[in-house]
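One structure below.
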Amino acid sequence: MKKILVLNGPNLGLLGTREPEIYGRTTLADIIAMIKDYAAGKGVEIDAFQSEVEGELSAAIVKARGVYDGIILNPAAYTHESVALHDSILASQVPTVEIHISNVYAREGYRHASITASACIGQITGFGPQGYLLALDALLARGK
Ligand code: DQA
């Protein structure tokens with residue numbers, strides 16, 4: 001059975017009440033339940049972890065090496081600043097899809113640059129919580 005790790009960065013634990021005009025009303029628990037359900041139908045197991053701390057996310061990515069078949073990563077604000085997460089994705093050698101709930105290219109200029117995306121196999125942005133399911137499909141399609 002394939003195993004996929006879903007990682008979420010800072011402030012994403014507040015989804016549902018955090019700037020709902022941008023991120024919507026769906027909570028992170030809803031998103032994790034949704035992707036677990038979707039993945040189960042495809043014979044895929046999901047583990048999920050959220051942290052405010054860059055080092056914890058970095059450690060989770062590196063420890064995924066040899067354990068997970070793919071990572072779905074919403075690095076949140078670390079997207080735009082973290083060389084450490086970029087390097088961890090490369091070091092882990094686990095195919096990683098970067099996902100953003102909002103369309104970062106339709107927002108402030110400082111969100112237009114992703115430091116982490118170049119270490120990923122691709123990026124999904126602007127499709128809301130549905131983006132997590134698209135990311136799973138992208139990982140599975142790549143494995144075929
Ligand atoms: C985000 C976009 C980031 O720019 C922002 O810092 C977030 C959430 C998104 O999912 O749309 O925290 O990653």
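Quantities reported herein were computed from a predicted structural model and do not represent experimental measurements. Order of listing sets the numbers, starting from 1, for every ligand and every atom in it.
Side-chain atoms of Q123 do not come within 3.5 Å of backbone N or O of A117 as any donor-acceptor pair. Remark: side-chain polar atoms of S88 are paired, donor with acceptor, to backbone N or O of A84 under 3.5 angstrom.
Among the candidates E98, E81, H100, the single residue satisfying the side-chain hydrogen bond (donor to acceptor under 3.5 Å, both in side chains) test with S114 is E98.
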Please table the atom pairs, donor to acceptor, closer than 3.5 Å between any side-chain atom in residues 6-22 and protein atoms at least two apart or in another chain.
{"from": "N8", "atom 1": "OD1", "to": "Y132", "atom 2": "OH", "distance (Å)": "2.5"}
{"from": "T17", "atom 1": "OG1", "to": "L14", "atom 2": "O", "distance (Å)": "3.2"}

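Look at R25 and D30 and you find no salt bridge, because none of the NZ, NE, NH1 or NH2 atoms lies under 4.0 Å from a carboxylate O.
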Which protein N or O atoms sit under 3.5 Å from any N or O of ligand 1? Give atom names and distances.
{"from": "ligand 1", "atom 1": "4 (O)", "to": "H80", "atom 2": "NE2", "distance (Å)": "2.7"}
{"from": "ligand 1", "atom 1": "4 (O)", "to": "R111", "atom 2": "NH1", "distance (Å)": "2.8"}
{"from": "ligand 1", "atom 1": "6 (O)", "to": "A77", "atom 2": "N", "distance (Å)": "3.2"}
{"from": "ligand 1", "atom 1": "6 (O)", "to": "R111", "atom 2": "NH1", "distance (Å)": "3.1"}
{"from": "ligand 1", "atom 1": "10 (O)", "to": "N74", "atom 2": "ND2", "distance (Å)": "2.9"}
{"from": "ligand 1", "atom 1": "10 (O)", "to": "I101", "atom 2": "N", "distance (Å)": "2.8"}
{"from": "ligand 1", "atom 1": "11 (O)", "to": "I101", "atom 2": "N", "distance (Å)": "3.2"}
{"from": "ligand 1", "atom 1": "11 (O)", "to": "S102", "atom 2": "N", "distance (Å)": "2.9"}
{"from": "ligand 1", "atom 1": "11 (O)", "to": "S102", "atom 2": "OG", "distance (Å)": "2.6"}
{"from": "ligand 1", "atom 1": "12 (O)", "to": "R18", "atom 2": "NH1", "distance (Å)": "3.2"}
{"from": "ligand 1", "atom 1": "12 (O)", "to": "R18", "atom 2": "NH2", "distance (Å)": "3.0"}
{"from": "ligand 1", "atom 1": "13 (O)", "to": "N74", "atom 2": "OD1", "distance (Å)": "2.8"}
{"from": "ligand 1", "atom 1": "13 (O)", "to": "H100", "atom 2": "ND1", "distance (Å)": "2.8"}

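The number of heavy-atom neighbours closer than 6.0 Å to OH of Y38, taken from other residues, nucleotides and ligands shown, is above 12.
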